[in-house]
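One structure below.
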There are 2 protein chains.
Amino acid sequence: MLKPIKKKSVSDSVFEQLRDEIFSGAMEPGEVVPSERVLAEMLEVNRGAVREALKRLEQARLISIQHGEATRVLDFQKTAGTELLAELLMSPSGDLKPKVAIGVMELRSAIGTDIARRCAERSPGLGEELRQKAQEMADNKKDLEKLRELDMEFWSLMVDGSQNVAYRLVFNSIIDIYEKISGVMAQVVADELRDVEAHIAIADAVEEGRVDDAEFYARDLIKRGEETVRKIADRIGEK
Amino acid sequence: MLKPIKKKSVSDSVFEQLRDEIFSGAMEPGEVVPSERVLAEMLEVNRGAVREALKRLEQARLISIQHGEATRVLDFQKTAGTELLAELLMSPSGDLKPKVAIGVMELRSAIGTDIARRCAERSPGLGEELRQKAQEMADNKKDLEKLRELDMEFWSLMVDGSQNVAYRLVFNSIIDIYEKISGVMAQVVADELRDVEAHIAIADAVEEGRVDDAEFYARDLIKRGEETVRKIADRIGEK
DNA sequence: GTGGTCAACTGGTCAGACCAGTTAACCAGT
DNA sequence: ACTGGTTAACTGGTCTGACCAGTTGACCAC
């Protein structure tokens, strides 16, 4: 199928180039970034475009800008938020970093279990809607990509039910990853996607406010993807 | 003590103003943002300053910009990452939103326990350093602010030890909150800060690779702050 | 040594022009 | 009635070139 063409503006390119330099370690924390005028000259673009890119890098906590002083690279590992996870997961060449991938799956497990618990605690009324979503999954058992979408919606409901904005924001960053590498992801969590019974079990537990059960079923479900990723990473590590 | 003066640039002001409009709901998801030229005129600033602010909002996933089309407000609850937690926690007037605060503490609990476990699993060598940090805490039992800093360093070591970038990024966002409201925070987690024994117990568990113990002690330690915040929030809710 | 001055950086702001993509209304031609 | 081309009026994207405003360090006078 045809897809919309991604346009890249000049400031986007500047942003990406500097971001990759920082992620790759070519520009180290504390190092000074060339001045805006110099950067503009080096990249053969307007200073305004450079400034826009620098503002974005600053917003992403990758650099520190101070009027009058030189702009410096920050240690993004100590300052950035989860919104950078997806970009961090992918090396500039396009393949995934195994260690980061494992980390993401662990994060997913850590919050996923508590999301289920809080949802059961605070929003038992969502049980019915959750079960419907699970039923939809049962009706689409063959289309892995569709399943992935439905599973995402299932969990999105749960996150809403947990009534926790912090979880919501972390969830957003994880979903961001899912959508950027949906093909790989659907494979990795295929086991989870196909287990409609587990989804229903969670829905029932939520509906009846059985917080421990909701957490238990969620943990049991989520851990599979984590283990799959770990196995794949190990295999890559052996090479 | 004297503090450095915070300077605010024009584009910062534009950014904050629009961000608050979005956070407060005054600008709803899907709504169109006035065009750059109009915004510049309304705010009586240069268009370049407006563009820089819009680029930052775009990076923060609060708006969507498309060449030729109108710029639109996104549903930040469905797109933003954890870097916005601190800003989201504080209402424009300056006080804290109880519901968000509870959410942050739950997130802290969810990842904190697994951080301890992974640290014990992957970096038992850190045990000694952790114990030293705990000892430092014992030496500064009276200075709550100092304790808070040391506790932060203790946990930062643990996050390093967990060898999980995803946890690191979430941790960064939480620390960001700690530092923006350090006074309040030190009070809320005072119980945790003063319990040096618990910190040492975790350090020992890490050193000997006792993953379950590390997790258990961490959970026991962290849950106190969570409960404190919940109590305070309940008290506010009663009013 | 203290404090003033100045030049040479840095980033911040600005006005005004033009390029480029999107949309909708209009207008052929089929 | 539909298709496709044209045009005008938006939108954001890029650019030039200027000036304002902090920071630093070298230099100088007291």
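The chains referred to below are lettered A, B, ... by the order of the sequence lines, with proteins before strands, and numbering in each begins at 1. Only a predicted model underlies this, so the values are computations on that prediction, with no experimental measurement involved.
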Contact list for DNA chain C against residues 40-49 of chain A - heavy-atom distance below 4.0 Å: A/Arg47

May I ask you to list the residues of residues 56-69 of chain B, by number, that have any heavy atom positioned under 4.0 Å from an atom of DNA chain D? B/Ile65, B/Gln66, B/His67, B/Gly68, B/Glu69

N-O pairing of [X] and [Y] below 4.0 Å:
X: A/Lys55; Y: A/Glu52; answer: no
X: A/Lys7; Y: A/Asp12; answer: no
X: A/Arg168; Y: A/Asp160; answer: yes
X: A/Lys78; Y: A/Asp75; answer: yes
X: B/Glu16; Y: B/Lys8; answer: yes
X: A/Glu226; Y: B/Arg118; answer: yes

Start with the C-alpha distance between B/Leu144 and B/Arg194, add both sets of side-chain angles, then the distance that settles side-chain contact (heavy atoms from CB on, under 4.5 Å), and finish with yes or no. CA-CA 8 Å; B/Leu144 210 56; B/Arg194 294 209 186 86; 3.8 Å; yes

For [Y], does its backbone N or O pair with a side-chain atom of [X] as donor and acceptor, under 3.5 Å?
X: B/Ser156; Y: B/Glu153; result: no
X: A/Arg72; Y: A/Glu31; result: no
X: B/Asn140; Y: B/Glu136; result: yes
X: B/Ser123; Y: B/Gly161; result: yes

Distance-only donor-acceptor hits, side chain of residues 176-184 of chain B, under 3.5 Å, sequence neighbours excluded:
from, atom 1, to, atom 2, distance (Å)
B/Asp176, OD2, A/Arg61, NH2, 3.1
B/Tyr178, OH, B/Arg108, NH1, 3.0

A/Lys8 side chain near D/dT14 phosphate (N/O to OP1/OP2, under 4.0 Å): no

For DNA chain C, whose closest nucleotide is more 5', that of A/Lys7 or that of A/Glu36? A/Glu36

Give me, pair by pair, the N or O atoms of the protein and of nucleotides 5-9 of chain D that are less than 3.5 Å apart, along with how far apart they are.
none

Result block: side-chain N/O donor-acceptor pairs under 3.5 angstrom for residues 83-92 of chain A, not counting sequence neighbours:
from, atom 1, to, atom 2, distance (Å)
A/Glu87, OE1, A/Arg19, NH1, 3.2
A/Ser91, OG, A/Ser93, OG, 3.2
A/Ser91, OG, A/Asp95, O, 3.0
A/Ser91, OG, A/Asp95, OD1, 2.7

From CZ of B/Arg51 across to C1' of D/dT14 the rounded distance in Å is 8 Å

Along DNA chain C, 5' to 3', what are the outermost nucleotides having an atom less than 4.0 Å from a heavy atom of chain B? C/dG12 to C/dT23

